[in-house]
Amino acid sequence: MNELNLPPAPPLPPEVRDRALRTVLDGMTPATPARGRRWAPLLTAAAVVLVAAASVTVTTLSEEAPAGPALLPPATGTPAPPPTTGPVLAPLPPATGTPAPPPTAGSVLAPLPDAELPAPSGDPATDAALARCATAVVRSGHAADYPPTAQWHSTNHAGTGAVESELTVDDSFGCLVTPGSVAVSGLGKDAPTGVQVVGMSPDVLVVLNPQGRRYTLGSGDKAWSDTARVTFLRTSELQLDGAPIGAATPLEDLPLSVDGGYTGTVRDVVAAIAVADRDLPQRADTPDGAELTSCLAGPESDRYTDPGLWVPVGRQDGGGTAPGAIIARIGDVAAGFCVEDPAGGPTFRGAPLPAPSDRPQRVLAYRGGASALLITAPPGTTRVEVRLATGTGGAHDCAIADGLAACVVNDDGPLGDPDGQDIVVTAYTTADPQGIPM
Amino acid sequence: MGATPLDDHSLWAAAGDDDRDTSTAAFTTLYHRHADAVWRHAYRLTGTRAGAEDVLAATFLTAWRRRSEVRFVADSARPWLLTVAGNEARTEWRRSVRHDRLAHRVGPAPAVRDHSDAVVAQLDDRRRLHRVLEALDGLSTAHREVVELCMIAELPQPDAARALGIPEVTLRSRIHRARARLRALLAEEDR
């Protein structure tokens, strides 16, 4: 043990020693020199499917389109309907019991025949994400650019789907799945540098490395070095000479080196195929909406590809004794809140909604300068209250709005379980008048 | 009488030779000379065999690519190689943490990343290592580098200072501050 009481490292296994050396020597092998050549744009068009009423139009970006991630199209030019209007989405597949709806339920795209859908993986969320990606590729006319969709398999799926998730297919390409849209990268096989950077959304990139070479993207402390064939990155994880990526520091100027050949800059960021495959209401221009917009843009808040999908449905008014919160939804897909955290400022957190139930269920716990819990409040919920686990200060009511309840307290107690167990939330329903601890 | 082994200085110069066989042979010798030390350091900074192997390979590749930047300490490239390993390990850590963060952000689903190859036998050891790595991630770059070299790799302070290219007095000051910061970070986790 050393000063930090770290356990000793095991000895270097001979096979690891040899394998790592082979990797090193392979990486030292120079390929055909690539410096000094101008690279033509790799993909000169991206198909964007716009949803407008009952029609579907396909827009192709020209070669002269600005480089950078393809932006999602706006949902409509008219004010969003109030959230009580029935959302077009089907509920998420339930955990047990009732049969799951088709994986592309709620989509405005014609579903693929079962024979063209990827085989079930055993995880409903992954199946739903794969199905949406496959449907988007086929319905946008790009099926010929990919392996047959029925043969697709997920090789990595980070997230549970619904809110946002990053799906890697066959260790070959990436698919960013959001509540209202899907963005699919190409396969990157024609990248002259061996590595292709794809803009999936304003914040999300995929780096394609079909040959599995070691590459380094960026410079300095935030340089990203990897050998993975498909890597999802946030632009916030990269810097150029200490400056964050943005208008003044374009992604195209990031240094890129690929073992065995290329040393230069990214030069081209290829646009993903972006498809808005669900018709979801956008946030209206209201005071709560404006406050939520600001909160979602805050430095401590979760990042979403289309933050405009979060629609405020109610408020927890702290009344001076506790921080406030704005409760928000994305249809029947996700719920979240913006907590007025005394420590970090307005902070937004969201999570997928559980399958519907007649009992309140936890959606999301927050722990920062305040402790907060978001639960479902199905019909029959009469009251929800919160108190500190230490018992000091008494209980106070949580706000109930649109089938959700938000409970927020100042975190006056000692630091404890990051799931917010320092607070006790009790939901009272007509079926359980004695209260259900949450 | 056998040939005297070449020192790191000479091998490093040979690694930059135009003749590919000469450069490969020299760099391979350097690799075998320092692989064990880099591996141990990489393992302590990643906590898994897979992560340590990735960092081991990445360290030497980066070292070859940046060979003009090497700093020798008493004719040894090892302290500098350990600083390179620290940078590579940081990328590996960010990569693993990023997947976990995304999984937590969107809900209580299984994070797909597989940690089944972790070889730290005792759960306490693994928790401890994870907590230290998280605490390291909370330090500034300057503080993290000195912690990695002096408190994890256990290099003598003069060697660490030379490898980082800073005066010893600066290194001692950073160690002092880093220790205080680590104590605070690790103590919060203990509550």
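Every value quoted in this text rests on a predicted model; they were computed, and no experiment measured them. Below, chains carry the letters A, B, ... as their sequence lines are ordered, and counting in each starts from 1. Every heavy atom of this structure was used, including side-chain atoms; hydrogens, water molecules and symmetry mates were not.
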Interface residues of residues 24-41 of chain B facing chain A - heavy atom cut-off under 4.5 Å: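 Heavy-atom contacts from residues 24-41 of chain B to chain A are T24(B), F27(B), T28(B), Y31(B), H32(B), A35(B), D36(B), W39(B), R40(B).
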Minimal non-hydrogen separation, Y43(B) against P8(A), with atom names: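 Taking Y43(B) first and P8(A) second, the nearest heavy atoms are CE2-O, 4.5 Å.
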Looking at A20(A) and A57(B), what are the two nearest heavy atoms and their distance?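 So the minimum-distance heavy-atom pair works out to O-CB, 4.0 Å.
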Among all residues two or more places apart in sequence or in another chain, which pass the ring pair (Phe, Tyr, Trp, His ring centres under 6.0 Å) test with H153(A)?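 None.
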S154(A), part contacting chain B, at a heavy-atom distance under 4.5 Å: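 No part of S154(A) comes within 4.5 Å of chain B.
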Has H9(B) got more than 12 heavy atoms of other residues, nucleotides or ligands less than 6.0 Å from its NE2?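 Yes.
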Within a reach of under 6.0 Å around CZ of R177(B), are more than 12 heavy atoms found that belong to other residues, nucleotides or ligands?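 Open.
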Let me confirm one number: the [atom1]-[atom2] distance from [X] to [Y], rounded to the nearest 0.5 Å.
| X | Y | atom1 | atom2 | value |
| --- | --- | --- | --- | --- |
| R213(A) | L61(B) | CZ | CG | 12.5 Å |
| L4(A) | M151(B) | CG | CE | 4.0 Å |
| T62(B) | D259(A) | OG1 | CG | 7.5 Å |

Side-chain heavy-atom pair T23(A), E53(B) within 4.5 angstrom cut-off: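 No - every pair of side-chain heavy atoms lies 4.5 Å or more apart.
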Top contributor to chain B interface from R22(A), R349(A), R19(A) [non-hydrogen pairs under 4.5 Å]: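 Top count of heavy-atom pairs under 4.5 Å with chain B: R19(A).
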Output, in order, the C-alpha distance, side-chain angles, deciding distance and verdict of side chain to side chain contact (heavy atoms under 4.5 Å, CB included) for R65(B) and T216(A). CA-CA 11 Å; R65(B) 200 179 307 123; T216(A) 301; 3.7 Å; yes
